[in-house]
Amino acid sequence: MNFRPMPLPHFLEQEGLRATIETGLRKVAREFGRSEHGFAAAAFASFEDWTVRPSRATTRFGSVSTRTRIFRLTVLDCSEQARRDTILHEVAHIVVFELVSKSERHGPRWQLLARAFGARPSRAGLDLRFRTASAQLRSKREVTVARCTRCGFEVKRLRRSTRDWRRYLHRSCGGRFEPQAPEPQSPPRSADG
Ligand SMILES: [Zn+2]
Ligand SMILES: [Zn+2]
């Protein structure tokens, strides 16, 4: 589900969520001491400053950076419900940040908005499609950091290893490891896995 970076209002239009969000904003406007129209209009005006960008993070569906006003949304496979919940969840963060409080996080005012939008709680770890997609992506990102000189077994990691693999033996065959990554940048650390 890849997409190009785009302004948030355009994105919400494209996802067919504009009406859902506008209805939710009107529903709770009074609780924030605003008129229905004023609250919705102010929220949509603030969305103009936000950009939605595709994310390939493997542990979460989405995130917002209030500093850069970027909303990152996963492009990994996931259930449609999870995608929708994530968009509504993050938009609730954006509305609260722009119009209500800079430090609300998942506090009661955020919850009020998220509920008004119909965002159900969703966790990336519980979505089977997302879990499958992120596992595939992680394994593709892994690099071989060491290889057993006796049996050829490869040790794979998501990041370059700073361990001095020459000091370790392959437990299952007793062979010595040869580092496959660039030379360690820092002195070898203790063997903690
Ligand atoms: Zn959140
Ligand atoms: Zn071996």
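Whatever order the structure lists them in is the order used to number ligands and atoms, beginning at 1.
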Exercise. Which protein N, O or S atoms does the Zn ion (ligand 1) have within a distance shorter than 2.8 Å?
Worked result: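 Result, waters dropped: His89 NE2, His93 NE2, His106 NE2.
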
Problem set entry | Aromatic plane relationship, Phe177 with His170 - under 30° parallel, 30 to 60° tilted, over 60° perpendicular |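 Because their plane-to-plane angle lies in the 30° to 60° range, the rings of His170 and Phe177 count as tilted.
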
For this session: Mind telling me whether Phe39 and Phe32 have parallel, tilted or perpendicular rings, with 30° and 60° as the class edges?
Result: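 Parallel.
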
Exercise. If you measure from the Lys or Arg side-chain nitrogens to the Asp or Glu carboxylate oxygens, is any gap between Arg84 and Glu15 under 4.0 Å?
Worked result: no

Exercise. Does the pair Arg147/Glu178 count as a salt bridge with the N-to-O cut at 4.0 Å?
Worked result: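 Glu178 and Arg147: not salt-bridged.
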
Exercise. What protein atoms of element N, O or S are positioned under 2.8 Å from the Zn ion (ligand 2)?
Worked result: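 Counting only protein N, O or S atoms under 2.8 Å from the Zn ion (ligand 2), the list reads Cys148 SG, Cys151 SG, His170 ND1, Cys173 SG.
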
Seminar exercise, completed: In this structure, OG1 of Thr51 is separated from CZ of Arg4 (nearest 0.5 Å) by 14.5 Å

Using a 4.5 Å cut-off on heavy atoms from C-beta on, say whether the side chain of [Y] contacts that of [X].
{"X": "Glu90", "Y": "Phe61", "answer": "no"}
{"X": "Ser172", "Y": "Phe153", "answer": "no"}
{"X": "Leu73", "Y": "Arg53", "answer": "no"}

Exercise. Taking it one step at a time, do Glu22 and Arg26 satisfy salt bridge (charged side-chain N to carboxylate O under 4.0 Å, His left out)?
Worked result: CA-CA 6 Å; Glu22 189 167 347; Arg26 286 174 172 271; 3.6 Å; yes

